[in-house]
Every structure is written in structure tokens, then in C-alpha cells.
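Since we're looking at a predicted model, the values are computed, not measured.
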Amino acid sequence: KAVVSTQSGHYGRAAVLGISFHDGALVTNYPWDGVPDILSGKYAASPDGALFITMAKTYSLNHKSMSKRAAQCGQDDFKDGITNGNKWYKVFNGMRDWNYMYNDCFEVTIELGCCKYPSDAADTFGKV
């Protein structure tokens with residue numbers, strides 16, 4: 001109910017910036033994530049691409065290692081620790097693209113580390 005209320009303007013202010021956090025890589029990524037006529041692995045420019053790049057770099061360049069290629073996961077090779085979603089891998093109907101298209105909310109996703117699925121030994125929050 002709170003999400004619906006926020007989207008309908010119930011609180012009087014719309015979110016304009018958003019961040020989601022994931023694991024599985026060390027990168028900040030930004031829209032677009034899925035453009036039908038652009039192949040996965042290719043850059044998909046959004047009208048506000050320059051702003052998204054600035055947002056992504058603001059985080060990645062201030063992180064202790066995200067922008068350093070030597071710190072990236074496996075075969076990842078993200079210049080400055082950022083990537084366009086569609087260039088990395090295509091996702092249709094993702095929350096970030098939806099927020100941008102329908103809520104005028106500029107959202108980036110920050111991938112916090114290489115371990116996507118921690119072992120059972122790391123089942124206590126904060127002890128990884």
C-alpha cells in the first residue's frame with residue numbers, strides 16, 4: 001500500500017534518484033537494460049545517459065576498488081567500474097528501466113562484490 005501511495009503522489013514528493021544493491025560483480029550499472037532492437041552486449045543509450053554515467057562514476061570512482069580493473073570479478077572488464085545494463089546483459093522489464101520510464105526516477109544498480117551466493121558458513125549477516 002505504501003508503494004502505491006508513493007507512486008500516486010500521496011506523500012507529495014516523488015523519488016528522483018534511486019539505488020538498488022546486488023552482489024555478483026563489482027560495478028555500478030545504469031539504464032537502459034533491455035532495448036528490443038539493440039543486441040545484448042551493445043550500448044543502449046538513454047536520453048539522460050550523460051547523467052547516468054555521472055551518477056555511476058560518482059560511486060565507482062569513490063569506492064576503494066570498484067574502478068580498478070584488477071579488483072573486478074573473473075572476466076569482467078568494466079572501464080571506470082561502470083557499465084550500461086544492455087551492454088553487460090539484456091534484461092527486459094527491469095525495475096530500473098521501469099522507474100526511469102514511468103516515474104522519472106533515475107536509478108543505478110550497485111553490484112557490491114563478486115560473491116553472488118555465499119556459502120552456508122556465511123549465513124549470519126555481517127559475518128562474511
N86 side chain vs L39 backbone, donor-acceptor pair below 3.5 Å
yes

Look up atom CG in D77 and atom CZ in R69, then write down how far apart they are to the nearest 0.5 Å.
4.0 Å

Exactly one of N29, L26, T28 clears side chain to side chain contact (heavy atoms under 4.5 Å, CB included) with E111, and that residue is N29

Between A25 and D76, what is the shortest heavy-atom contact and its length?
CB-OD2, 3.9 Å

Is there a chain of hydrophobic side chains (I, L, V, M, F, W, Y, each step under 4.5 Å between heavy atoms) that links Y100 to F21?
yes

Hey, mind stepping through S40 and K42 against side chain to side chain contact (heavy atoms under 4.5 Å, CB included) and telling me if it holds?
CA-CA 5 Å; S40 185; K42 302 290 183 186; over 6 Å; no

Counting only heavy atoms from other residues, nucleotides and ligands, does the tally under 6.0 Å from OH of Y102 exceed 12?
no

Between M101 and W32, is a side chain to side chain contact (heavy atoms under 4.5 Å, CB included) present by the stated rule, with each step listed?
CA-CA 10 Å; M101 289 176 59; W32 292 115; 3.3 Å; yes

Other members of the hydrophobic cluster containing W88, with the 4.5 Å side-chain heavy-atom rule, please.
V27, F78, Y89, V91

4.5 Å side-chain heavy-atom contact, N93 and D97:
no

Can you hop from I38 to Y43 via hydrophobic side chains spaced under 4.5 Å?
yes

I53, L51: one ILVMFWY side-chain cluster at the under-4.5 Å cut-off?
yes

For atom NZ of K116, is the number of surrounding heavy atoms from other residues, nucleotides or ligands below 6.0 Å larger than 12?
yes

Tell me whether L61 is reachable from M55 by hopping between hydrophobic residues (I, L, V, M, F, W, Y) whose side-chain heavy atoms are closer than 4.5 Å.
no

Pairs where residues 48-92 contributes a residue and the test disulfide bond (SG atoms under 2.5 Å apart) is met, not counting sequence neighbours:
C73-C114

Yes or no on side chain to side chain contact (heavy atoms under 4.5 Å, CB included) for S20 and T109, after CA distance, side-chain angles and deciding distance?
CA-CA 5 Å; S20 60; T109 298; 2.8 Å; yes

Can you tell if the side chain of P36 reaches within under 4.5 Å of the side chain of F92, non-hydrogen atoms only?
yes

What is the distance from atom NE2 of H63 to atom CD1 of I110, rounded to the nearest 0.5 Å?
8.5 Å

Is there a side-chain contact between P47 and F52 (heavy atoms, below 4.5 Å)?
no

